[in-house]
Participant: 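I have a structure here, written as structure tokens, and I will follow up with some questions on it.
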Amino acid sequence: MIATILPSSSNFHAVEYNERKVAEGKAELVEMLNFGYISNMGEYSTEDLITFLNDYSAKNNRIQKPQFHIAFSCKGHEMTHEQLVSFARRYMNEMGYGQHGQPMLIYAHHDTDNNHIHVITSRVAPDGQKIDNNHERRRSQDVINRLLQQSENERVGESTAKALEYTFTSVPQYMAILESLGYECYKEDGDIVIKRAGMIQEKVSQAFIESKCRKDYFQDQRRKYQLRAVIKKYRDMSSNKEELQQQMRDKFGVSLVFIGSKDSPYGFFIVDHHTKSVFKGGDVLKLKDVLQFQSDEERFSKAEAFIDEMLDDNPNLTTRELNKLLRRQFGTRLMNGSILFHGISHELPEHVRQTLRSNDRLSWLQSFHPANETEAAVLCSMGKYGHPNRLVLGEQSVNKEKTTAQLHELFDNTPDESLHDKLHEDGYYILNDNDQYYCIDFANKVILNMEEAGLDVDRLKRRQTKQEIARIHPSSPQQSPSKPNILQPVRKALQQQGGSKDGSREHEVGGHGNYDEIDDERKLKR
């Protein structure tokens, strides 16, 4: 276990870094604690997270760089991401960051051979006091050493006992179970030596383990066929054996334990944690077939052909819908008209990109549920989409009554001179089409004829100038230069940017500003 406390910052740029990793498919947000309203939003942006942390940290304006960013890394997969998260929670408590109400983000990264996580919080406590950082380097290492010793003493006994619960037919298979649990094993003087983090943790008698072997065990042939199919499928979604191992463990509770050197294994075992049994790898799938990974060119070519086929079957497919299929089939995803796989991108042909952009925009406009042709025309003018006839009319938005009630409350409690500005501040966009006033509520996905909703639009007319309310016509949309750009939320929504929802150690606290270098773990030594 190695931990690195990364530099503080005034703008929580660590959030942007980790969210970018999420968008690239290299990480995921596994825990969000005490983020108030954001936790219940369903969808949120990187900016939402940063804004919340900045607002929270403003309780103490004397702290100029409130970001606390630490990463925890283990050797290979000796600890799962879940175990790392559990360790991080205890560490943060010991360091003073575990108070009730302390906001915290935990990201699990999948882009290196070593499991690692990043944790981000504020150096400001919930009561506004600064969290103690005196002698932080020494305290950090003391906490890590103490927690690791406690963890290892507890875990090694649990692991050796747990391994005996599995069905195995040989001593090497028992050793494979322990290796799948994060230990290094070898035989010496009649014992099985069990190591972790370079230290011998325990020794177990080979004779005792041999007495527990099930020599006459008849393995489930149906399970073998299932494992063979799953391994072949996820082999084609992985770029190397380490990634295949990770996917099989995370998705199916199956560990692939290779025998031999890292670069040139000569065999493997399959430890099935679901059925608590061990298979000789070659009985399920030949090693050369397991290691026959696709090149990036092959993967992108197959994914592109698949997209063409899906669009032929359903010309209205959106990027979101295709991504569900691509993730299952190839482990890839679409973003801005390109196929992404572990940070490598492949741009689709222009006609496919145009089709997807059009489909995405149509789907987004349809989410406002226009009731009639006029509302469809207003939406299409706002969204610069030239085919209002493709929108389905008459569907009632589930949020229409909610938006109407919110607008009535706002009208009732806002004086005339500030009504228009208040509407804009609260995220409502007012459009005038042939003296009919429409409100577009981007948050609730509603378009509303304000007069039909019983709102006094004369109050807006009295304040109307060319600079305040854009007059929108289907043939020539315009917008006010003095007000916020009404198309900015549209562009943002259509950019298909990834986020958390749809980092590594500190022997030497601080001094690491290049996150990518740390995530490459060039300084991790064993």
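Below, all heavy atoms of this structure are taken into account, side chains as well, without hydrogens, waters or symmetry copies.
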Participant: In this structure, which one of Ile259, Leu291, Leu256 forms a side chain to side chain contact (heavy atoms under 4.5 Å, CB included) with Pro265?
Facilitator: Leu291

Participant: Write down the atom of Leu178, the atom of Ala163, and the distance for their closest heavy-atom approach.
Facilitator: CD2-CB, 4.0 Å

Participant: With sequence neighbours excluded, tell me which residues meet side chain to side chain contact (heavy atoms under 4.5 Å, CB included) with Leu285.
Facilitator: Arg228, Ile231, Lys232, Asp289, Val290

Participant: Looking at side-chain heavy atoms only, is the closest gap between Tyr183 and Met175 below 4.5 Å?
Facilitator: no

Participant: Do any N or O atoms from the side chain of Gln102 and from the backbone of Gln99 form a donor-acceptor pair under 3.5 angstrom?
Facilitator: no

Participant: For the atom pair NZ (Lys251) and CE (Met237), what is the distance rounded to the nearest 0.5 Å?
Facilitator: 6.0 Å

Participant: Examine distances only and state if a side-chain atom of His116 and a backbone atom of Asn114 form a donor-acceptor pair shorter than 3.5 Å.
Facilitator: yes

Participant: So, do Arg353 and Leu356 sit near enough that their side-chain heavy atoms are less than 4.5 Å apart?
Facilitator: no

Participant: May I ask you to check whether Glu242 and Gln246 show a side-chain donor-acceptor distance below 3.5 Å?
Facilitator: no

Participant: With side chain to side chain contact (heavy atoms under 4.5 Å, CB included) as the criterion, how do Asn18 and His69 come out once you've worked through the C-alpha distance, each side chain's angles and the decisive distance to 0.1 Å?
Facilitator: CA-CA 11 Å; Asn18 281 276; His69 181 197; 3.8 Å; yes

Participant: Measure the acute angle between the ring planes of Phe72 and Phe87, then classify it against the limits of 30° and 60° as parallel, tilted or perpendicular.
Facilitator: perpendicular

Participant: Please work out which of the three classes, parallel, tilted or perpendicular, describes the rings of His109 and Tyr107, given edges at 30° and 60°.
Facilitator: perpendicular

Participant: Rounded to the nearest 0.5 Å, how far does CG of Asp272 lie from OG of Ser277?
Facilitator: 4.5 Å

Participant: Applying ring pair (Phe, Tyr, Trp, His ring centres under 6.0 Å), can you list everything that pairs with Phe168, at least two apart in sequence or on another chain?
Facilitator: Tyr174

Participant: In the structure I gave you, are the side-chain heavy atoms of Val119 and Tyr91 within less than 4.5 Å of one another anywhere?
Facilitator: no

Participant: Check side chain to side chain contact (heavy atoms under 4.5 Å, CB included) between Thr80 and all other residues, then give those that pass, not counting sequence neighbours.
Facilitator: Glu82, Gln83, Arg249

Participant: Test Arg223 against Thr275 for side-chain hydrogen bond (donor to acceptor under 3.5 Å, both in side chains), laying out the working first.
Facilitator: CA-CA 9 Å; Arg223 185 61 173 166; Thr275 62; 4.6 Å; no

Participant: With heavy-atom distances below 4.5 Å as the criterion, would you say the side chains of Ile63 and Ser57 are in contact?
Facilitator: no

Participant: Is a donor on one side and an acceptor on the other found under 3.5 Å between the side chain of Thr169 and the backbone of Arg214?
Facilitator: no

Participant: Looking at Phe208, is its backbone amide N or carbonyl O close enough to the side chain of Ser211 to form a donor-acceptor pair, meaning the two atoms are under 3.5 Å apart?
Facilitator: yes

Participant: So with a 6.0 Å cut-off around NZ of Lys26, is the heavy-atom count from everything else above 12?
Facilitator: yes

Participant: For the backbone of Val193 and the side chain of Asp191, can you confirm whether one donor and one acceptor N or O come within less than 3.5 Å of each other?
Facilitator: no

Participant: With the threshold set at 4.0 Å, does a side-chain nitrogen-carboxylate oxygen contact exist between Glu165 and Lys162?
Facilitator: no

Participant: Would you call Glu94 and Ile144 a side-chain contact if the rule is heavy atoms closer than 4.5 Å?
Facilitator: no

Participant: Roughly how far apart are Asp296 CG and Ile344 CD1, rounded to 0.5 Å?
Facilitator: 4.0 Å

Participant: My understanding is that only residues two or more places apart in sequence, or in another chain, count here; which of them pass side chain to side chain contact (heavy atoms under 4.5 Å, CB included) with Gln206?
Facilitator: Lys187, Ile192

Participant: So Val15 and Thr46, side chain to side chain contact (heavy atoms under 4.5 Å, CB included) or not? Walk me through it.
Facilitator: CA-CA 7 Å; Val15 176; Thr46 300; 4.1 Å; yes

Participant: Start with the C-alpha distance between Ile38 and Met32, add both sets of side-chain angles, then the distance that settles side chain to side chain contact (heavy atoms under 4.5 Å, CB included), and finish with yes or no.
Facilitator: CA-CA 9 Å; Ile38 290 183; Met32 176 192 293; 4.2 Å; yes

Participant: How would you list, by chain and number, every residue that makes a ring pair (Phe, Tyr, Trp, His ring centres under 6.0 Å) with Tyr234, sequence neighbours excluded?
Facilitator: Phe252

Participant: Between Gln67 (side chain only) and Pro7 (backbone N and O only), is there a donor and an acceptor less than 3.5 Å apart?
Facilitator: yes

Participant: Kindly compute the distance separating CD (Glu184) from CD (Glu179), expressed to the nearest 0.5 Å.
Facilitator: 7.5 Å

Participant: Between CD1 of Ile5 and OG of Ser140, what distance do you get to the nearest 0.5 Å?
Facilitator: 4.0 Å

Participant: So does His100 get a backbone contact from the side chain of Asn34, meaning a donor-acceptor N/O pair under 3.5 Å?
Facilitator: no

Participant: Any Lys/Arg nitrogen of Arg146 or Asp142 sitting under 4.0 Å from an Asp/Glu carboxylate oxygen of the other?
Facilitator: no

Participant: What pair of heavy atoms forms the shortest contact from Leu287 to Gly267, and how long is it?
Facilitator: CD2-N, 3.6 Å

Participant: Under the ring pair (Phe, Tyr, Trp, His ring centres under 6.0 Å) rule, what do His81 and His110 come out as? Steps first, then yes or no, please.
Facilitator: CA-CA 9 Å; His81 284 108; His110 310 289; 4.9 Å; yes

Participant: Is Tyr56 reaching over with its side chain to a backbone N or O of Val124, donor-acceptor style, under 3.5 angstrom?
Facilitator: yes

Participant: Are the side chains of Trp364 and Thr318 in touch, meaning some heavy atoms are under 4.5 Å apart?
Facilitator: no

Participant: Going by side chain to side chain contact (heavy atoms under 4.5 Å, CB included), name the residues that satisfy it together with Ser338, two or more places apart in sequence or in a different chain.
Facilitator: Ser345, Glu347

Participant: Please assess Leu33 against Thr121 for the test side chain to side chain contact (heavy atoms under 4.5 Å, CB included), listing each intermediate value before the final yes or no.
Facilitator: CA-CA 10 Å; Leu33 298 175; Thr121 187; over 6 Å; no

Participant: I need the minimum non-hydrogen distance between Arg89 and Glu31, along with the two atoms involved.
Facilitator: NH2-OE1, 2.6 Å

Participant: Counting neighbours of OH on Tyr217 that are heavy atoms of other residues, nucleotides or ligands and sit closer than 6.0 Å, is the number greater than 12?
Facilitator: yes

Participant: Hey, are the side chains of Ile177 and Gln173 touching, using non-hydrogen atoms and a 4.5 Å cut-off?
Facilitator: no

Participant: Looking at every non-hydrogen atom in both residues, tell me the closest pair between Ser10 and Pro66 and how far apart they are.
Facilitator: CA-CD, 4.0 Å

Participant: Please report the interatomic distance OG(Ser73) to CE(Met79), rounded to the nearest 0.5 Å.
Facilitator: 10.5 Å

Participant: Determine whether Ile120 and Leu49 make a side-chain contact, defined as any pair of heavy atoms from C-beta on separated by less than 4.5 Å.
Facilitator: no

Participant: Under 3.5 Å, is there a donor-acceptor pair between the side chain of Ser301 and the main chain of Glu297?
Facilitator: no

Participant: Check this for me: does any side-chain nitrogen of one of Glu24 and Arg20 sit under 4.0 Å from a carboxylate oxygen of the other?
Facilitator: yes

Participant: Would you call Arg357-Asp360 a salt bridge at under 4.0 Å N-O?
Facilitator: no

Participant: Any side-chain donor paired with an acceptor under 3.5 Å for Ser45 and Asp48?
Facilitator: yes

Participant: Is it the case that the side chain of Arg333 and the backbone of Arg327 share a donor-acceptor pair, with hydrogens and angles ignored and the cut-off at 3.5 Å?
Facilitator: no

Participant: Quick check: closest heavy atoms across Ser261 and Ser264, and the distance to 0.1 Å?
Facilitator: OG-N, 3.0 Å

Participant: Heavy atoms only: give me the nearest Phe330-Phe341 pair and the separation to one decimal.
Facilitator: O-CE1, 4.1 Å

